[in-house]
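Written below as structure tokens is the structure these notes are about.
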Amino acid sequence: HQRNSMAVSCSSSSVSGSAKALACLHTSHLAPQRTASARLRLQCIKMCSAPAAPGGSKKTVWVWTENRQVMTAAVERGWNTFLFGSKEVGKDWSSTARIHPLFIDGLEIFDEGNQKVAAISEISSPSELQLIQPDNVEVQNNVIHFRGDWQVIPAENIVAAFQGCAGAVLAVSTNSTEAQVFLEALEQGLDGVVLKVEDMDDIIKLKDYFDRRNEAKSQLQLTKATVSKVEVVGMGDRVCVDLCSIMRPGEGLLVGSYARGMFLVHSECLETNYIASRPFRVNAGPVHAYVTVPGNKTSYLSELQSGREVIVVDQNGLWRTSIVGRVKIESRPLILVEAKENSGNGTYSIFLQNAETVALIGPDRGSGGRTAIPVTSLKVGDEVLLHNVAR
């Protein structure tokens with residue numbers, strides 16, 4: 001292993017459960033039982049890199065490189081846990097960006113507190129793969145490093161060999177294409193990959209791959225509902241959610257008075273006669289309302305704060321995660337909207353600020369139709385979109 005090498009750690013979503021394994025050819029390097037403090041440190045080395053599908057498991061990615069441009073590309077994409085060959089090099093690279101350093105020592109990987117976080121296994125033939133047996137000693141991560149041409153061992157065999165065991169298993173890949181093979185084999189893939197590259201294009205391609213896969217496979221079902229009531233109700237404390245990313249027309253947050261029925265509230269990305277576009281903002285509703293967050297969960301709007309993640313959804317149900325930059329709570333006049341599902345018996349409600357900049361998203365009507373309906377012009381009989389968690 002190069003003494004000045006490094007790796008970046010991140011996580012990304014998978015649709016089905018990850019293959020699990022706990023194995024190492026070099027049994028003398030297996031980690032001792034971890035203390036509670038060590039387990040807490042280990043939880044800090046995995047960073048979320050891409051939207052995770054509701055209820056889905058996460059993939060781990062480490063980037064192993066000696067190229068500062070590769071490091072910069074990884075940090076820019078939210079991947080900021082690095083692996084170094086020495087603490088001196090780690091300190092030098094840490095001056096470039098705020099990172100979480102880990103360190104390689106032979107066939108082991110340690111954190112700053114000298115707690116072991118991974119074991120490395122080197123495999124050079126199919127027969128060596130067959131010799132690997134799960135071990136009862138717990139280790140957080142196992143890195144499988146294929147010496148020579150790994151493709152003589154089908155990726156499906158590699159995934160199958162490690163299914164059903166406790167620890168996370170990562171395979172070293174020398175480009176983004178190889179990484180995708182390991183992440184997709186047998187539909188489950190390994191728990192992650194170590195992307196050992198010197199070209200920043202591989203970082204970009206792998207991140208693009210995660211984005212495309214999450215967008216294609218992480219689609220929420222939205223249903224049409226017909227507005228049955230629109231009523232001005234008085235004052236209340238409403239919440240504006242400002243995100244760290246830009247929303248496009250047709251995108252917003254899922255909000256509702258009840259977690260079982262969430263309305264798609266449009267962002268303020270559309271200009272009006274009274275105010276300029278604020279494509280990072282959703283005027284989401286009062287403090288008691290629920291908002292959808294990653295992991296098939298909801299949060300009260302009053303609980304959101306800087307750094308929390310929410311789910312941004314478009315009118316086709318495609319979604320992504322976004323980080324909350326700030327939250328503004330102010331007293332404003334409210335309007336009550338109730339709507340009944342077109343394909344069911346459910347009736348759901350939402351309170352929103354009575355303002356032209358606040359809108360609900362309706363079904364796609366084509367180029368001539370309205371994407372968003374301001375609550376100030378909303379009327380009984382209009383169709384809007386909502387997400388029914390029971391479906």
Just how far is it from atom [atom1] of [X] to atom [atom2] of [Y], taken to the nearest 0.5 Å?
X	Y	atom1	atom2	result
Glu76	Ile204	CD	CD1	8.5 Å
Ser94	Ile99	OG	CD1	3.5 Å
Asp202	Ser176	CG	OG	4.5 Å
Leu270	Thr357	CG	OG1	10.5 Å
Ile373	Leu385	CD1	CG	9.0 Å
Asn283	Glu330	CG	CD	9.0 Å

**Request:** For the pair Phe351 and His288, name the ring-plane relationship: parallel under 30°, tilted 30 to 60°, perpendicular over 60°.
**Result:** perpendicular
**Message:** Does the plane of the ring in Phe84 sit parallel, tilted or perpendicular to the ring in Trp93? Use 30° and 60° as the thresholds.
**Reply:** perpendicular
**Asked** Do Gln69 and Asp199 pass the side-chain hydrogen bond (donor to acceptor under 3.5 Å, both in side chains) test, and can you show the C-alpha distance, the side-chain angles, and the key distance before you say yes or no?
**Response** CA-CA 8 Å; Gln69 288 184 325; Asp199 188 342; over 6 Å; no
With heavy-atom distances below 4.5 Å as the criterion, would you say the side chains of [X] and [Y] are in contact?
X	Y	value
Val337	Leu378	yes
Tyr290	Met262	yes
Thr292	Trp319	no
Val312	Thr321	no
Leu206	Asp208	no
Thr223	Ser343	yes
Ile144	Ile123	yes
Leu195	Glu178	no

**Prompt:** Do you know which of Thr226, Thr347, Asn388 makes side chain to side chain donor-acceptor pair (under 3.5 Å) with Glu341?
**Reply:** Asn388
**Prompt:** Ring centroid separation for Tyr348 and Phe263, is it under 6.0 angstrom?
**Reply:** no
**Message:** Are His145 and Trp64, when compared by the centres of their aromatic rings, separated by less than 6.0 Å?
**Reply:** yes
Would a distance-only check, ignoring hydrogens and angles, find a side-chain to backbone donor-acceptor pair under 3.5 Å from [X] to [Y]?
X	Y	answer
Gln180	Thr177	no
Glu268	Val358	no
Asp105	Glu108	no
Gln315	Gly362	yes
Ser306	Gly325	yes
Glu251	Met247	no
Asn141	Ala168	no

**Asked** Taking it one step at a time, do Tyr209 and Glu184 satisfy side-chain hydrogen bond (donor to acceptor under 3.5 Å, both in side chains)?
**Response** CA-CA 11 Å; Tyr209 157 76; Glu184 294 182 348; 2.8 Å; yes
**Message:** I'd like to know if Lys91 pairs up with Glu88 as an ion pair, taking the criterion as any Lys NZ or Arg NE/NH1/NH2 lying under 4.0 Å from an Asp or Glu carboxylate oxygen.
**Reply:** no
**Item:** Lys/Arg-Asp/Glu bridge criterion (N-O < 4.0 Å) met for Asp382, Lys379
**Value:** yes
**Item:** cation_pi(Lys59, Phe210) dist<6.0 Å, angle<=45
**Value:** no
**Request:** Kindly indicate, with the supporting measurements, whether the criterion side-chain hydrogen bond (donor to acceptor under 3.5 Å, both in side chains) is fulfilled by Glu198 and Asn67.
**Result:** CA-CA 6 Å; Glu198 302 303 325; Asn67 188 323; 4.8 Å; no
Mind checking whether [X] and [Y] sit in one hydrophobic cluster, side chains of I, L, V, M, F, W, Y counted as touching below 4.5 Å?
X	Y	value
Tyr258	Val265	no
Val324	Val255	yes
Ile329	Ile350	yes
Ile120	Phe110	no
Leu336	Val227	no

Restricting to non-hydrogen atoms, name the atom on [X] and the atom on [Y] that form the minimum distance, rounded to 0.1 Å.
X	Y	result
Leu190	Ala171	CD1-CB, 3.4 Å
Val313	Leu220	CG2-CD1, 4.0 Å
Glu112	Phe103	CG-CE1, 4.0 Å
Pro286	Leu301	O-CD1, 3.3 Å
Gly250	Ile361	O-CD1, 3.3 Å
Phe182	Ser173	CD1-OG, 3.3 Å

**Message:** Determine whether Leu264 and Leu222 satisfy the following criterion, side-chain contact (heavy atoms from CB on, under 4.5 Å), listing intermediate values before the conclusion.
**Reply:** CA-CA 9 Å; Leu264 190 50; Leu222 300 178; 4.0 Å; yes
**Prompt:** For Ser95, which residues count as a side chain to side chain contact (heavy atoms under 4.5 Å, CB included) partner, sequence neighbours excluded?
**Reply:** Asp92
**Item:** Verdict with supporting geometry, Val193 and Val172, side-chain contact (heavy atoms from CB on, under 4.5 Å)
**Value:** CA-CA 6 Å; Val193 294; Val172 176; over 6 Å; no
**Request:** Go through the steps for Ser245 and Ser322 under the test side-chain hydrogen bond (donor to acceptor under 3.5 Å, both in side chains), then give the verdict.
**Result:** CA-CA 6 Å; Ser245 54; Ser322 183; 2.5 Å; yes
**Message:** side-chain contact (heavy atoms from CB on, under 4.5 Å), that's the test. Do Ser267 and Arg281 meet it? Break it down for me.
**Reply:** CA-CA 6 Å; Ser267 73; Arg281 173 173 296 175; over 6 Å; no
**Item:** Check against side-chain contact (heavy atoms from CB on, under 4.5 Å), Glu338 and Ser228
**Value:** CA-CA 6 Å; Glu338 292 184 356; Ser228 57; 3.8 Å; yes
